[in-house]
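Below: one structure, written as structure tokens.
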Amino acid sequence: MANKEKKKFRLFGGKKDERPVVKKTDISAPLDFIHEVHVGFDPESGEFSGLPEQWSALLQVSGISKKEIAKNPQGMLDVLEYYTESTGQNAMSDKFMTLNHKEGSRADLKPAAEPSLPPPPPVVERPAFTMSEKTKPIAQPAERKDSQDQLRAPEAQAAASPGVPKRAKDSKKAVTTEEVMSRLREIVNPANPKDCFSNYQKIGQGASGTVYTATQNSTGNIVAIKQMNLAQQPKKELIINEILVMRELRQKNIVNYLDSFLVGEDELWVVMEFLAGGSLTDVVTETILNEGQIAAICRECLQALEFLHANAVIHRDIKSDNILLGMTGDVKLTDFGFCAQLTTEATKRSTMVGTPYWMAPEVVTRKQYGPKVDIWSLGIMAIEMIEGEPPYLNENPLRALYLIATNGTPELQHPENLSDVFKDFLNQCLEMNVDRRASASQLLQHPFLRKAAPLSSIVPLIKAAKQALAQQGRS
Ligand code: ATP
Ligand code: MG
């Protein structure tokens with residue numbers, strides 16, 4: 001089960017009679033080495049040889065045809081690795097699993113807790129605390145290794161602070177609740193929140209906690225409070241990440257962090273501004289947006305992304321669920337649990353995060369990636385605003401990953417209904433070649449955004465979505 005070495009599956013040859021060769025490549029590294037497992041593929045029969053049994057089984061139920069696999073067998077291996085690691089099914093390493101079931105068909109398959117694999121071969125010294133994320137650093141083949149792959153995630157800095165126990169490099173033991181609590185005690189407001197807020201009403205349930213509205217006694221303002229039980233968090237360090245990032249990054253298109261508290265033995269409350277309009281998901285699933293409204297929402301999201309990226313932060317989970325709306329048409333980005341902060345020199349990461357359907361091809365094929373993954377996801381979110389859901393949502397998740405890796409820019413169901421300028425905007429977001437993909441700043445100059453309607457124009461949609469959901473007996 002828990003081999004410590006990293007395996008990398010590579011296609012070997014491709015001729016019919018070639019036997020799968022298992023080749024062990026020891027990359028000179030004190031901490032880690034990579035097993036390059038060479039897998040054979042026969043393009044005529046469309047079959048792999050030397051594939052782990054569990055992978056063959058996954059392939060069989062995925063609905064991916066042999067003909068399809070023949071188009072991109074290496075891509076198939078890449079997404080199989082990605083899929084098994086993000087769902088914790090990888091027999092090669094021990095991981096957690098969360099299947100984050102949301103309503104209807106929008107079931108998420110989120111990479112769960114950080115699998116605590118040893119770090120990749122260090123070109124520069126890479127401290128063990130950089131491993132302490134929900135995400136997993138992926139060992140790169142030596143030639144692909146970025147020599148400046150040094151990460152400065154805020155929680156990593158936190159962990160570097162004196163007094164915080166560091167995880168031993170070879171220890172797979174997660175940080176304990178007590179360790180996280182002691183770090184949090186330095187960060188949070190020591191007051192008792194029960195003296196500060198009243199009139200709690202539950203408004204939502206997330207994977208990491210329950211969200212309430214409450215009235216702030218001193219101002220009479222309504223706030224949102226996310227209450228998390230730390231003992232139940234698979235990767236508690238991430239919570240520190242989320243708080244530190246939210247606290248520092250203030251911009252009008254980002255949900256404002258207000259305060260945080262520790263309550264009782266192991267509860268963390270994060271207080272933030274309340275957005276009464278609900279999530280953009282409700283609007284895209286229940287109503288039809290016109291191009292002016294879509295342009296306005298894209299512009300607001302791009303402003304948030306331009307700001308984050310300028311601060312060397314990648315959000316990594318851009319999707320309509322993470323866009324909250326105000327009743328006057330405010331559009332704000334939330335959910336910083338996955339975000340990564342990079343040093344300015346190291347602008348690429350190679351960890352697995354986000355939600356499959358919104359993920360950029362370079363993520364699902366486990367290549368290094370940078371801020372432009374958020375731009376791809378924004379493009380997918382724009383498709384949600386057109387079609388009500390992201391491409392491949394009803395596919396088997398493994399097949400969805402394979403299609404993202406292989407098809408590149410997804411096709412629209414009815415491209416003829418869109419203006420040319422909107423299609424150009426989408427193409428710039430959903431460009432396979434990362435260097436050619438536009439940045440947030442570039443997209444803010446795109447002529448599509450000149451079509452933007454006033455933000456107040458989305459208010460009727462918010463109201464209509466609320467009404468529709470109320471009629472369906474939710475919300
Ligand atoms: P997680 O973030 O734990 O992975 P999640 O995104 O499903 O899971 P939460 O972020 O905890 O869940 O949010 C739960 C619900 O509360 C969501 O429906 C969200 O729209 C709503 N919500 C969260 N924060 C706010 C806020 N500041 N204002 C209004 N509604 C909010
Ligand atoms: Mg959330």
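Here the structure is a predicted model, which is why all the values come from computation and not from measurement. The basis for the numbers below is simple: all heavy atoms, side chains too, and nothing from hydrogens, waters or symmetry mates. One-based numbering, in listed order, for ligands and for the atoms of each.
Two residues are said to be in side-chain contact when any heavy atoms from C-beta on lie closer than 4.5 Å; Ser419 and Glu291 meet this criterion. Side-chain contact between Leu461 and Ile288 is absent, with no heavy-atom pair separated by less than 4.5 Å. Residues Ile240 and Ile243 are not in side-chain contact: their nearest non-hydrogen atoms beyond the backbone lie 4.5 Å or more apart.
Just one of Tyr212, Tyr257, Tyr200 meets the ring pair (Phe, Tyr, Trp, His ring centres under 6.0 Å) condition when paired with Trp269; it is Tyr200.
Residue contacts with ligand 1, taken as heavy atom pairs separated by less than 4.0 Å, involve Glu273 solely via the backbone atoms N, CA, C and O. Here Ile203 has side-chain heavy atoms under 4.0 Å from ligand 1, and that is the only part of it that gets that close.
Distances between N or O atoms of Asp335 and those of ligand 1 include at least one value under 3.5 Å.
Of the charged side-chain nitrogens involved, none lies within less than 4.0 Å of a carboxylate oxygen, so that Glu306 and Arg299 do not count as a salt-bridged pair.
Proximity of Thr334 to ligand 1 is not established, as no heavy-atom distance is less than 4.0 Å.
Side chain of Thr406 to main chain of Leu403: no donor-acceptor pair is present (N/O by atom type, distance under 3.5 Å, no hydrogens or angles).
With ligand atoms numbered from 1 in the order given, ligand 1 contributes 20 (O), 24 (N), 25 (C), 26 (C), 27 (N), 28 (N), 31 (C) to contacts under 4.0 Å with heavy atoms of Leu324. Close approach of ligand 1 to Ala224 is summarised as follows: ligand atoms under 4.0 Å from at least one heavy atom of the residue are 26 (C), 27 (N), 28 (N). Using a 4.0 Å cut-off to heavy atoms of Phe274, the atoms of ligand 1 that qualify are 28 (N), 29 (C). Ligand-side atoms of ligand 1 in range of Met272: 24 (N), 27 (N), range being under 4.0 angstrom from any heavy atom.
Of the listed options Lys332, Lys202, Lys226, Lys226 places a heavy atom closest to atom 9 (P) of ligand 1. Among Gly204, Ala276, Gly278, the residue whose heavy atom sits closest to atom 15 (C) of ligand 1 is Gly204.
Under the 6.0 Å cut-off for aromatic ring centres, Phe448 and Phe422 qualify, their centroids lying closer than that.
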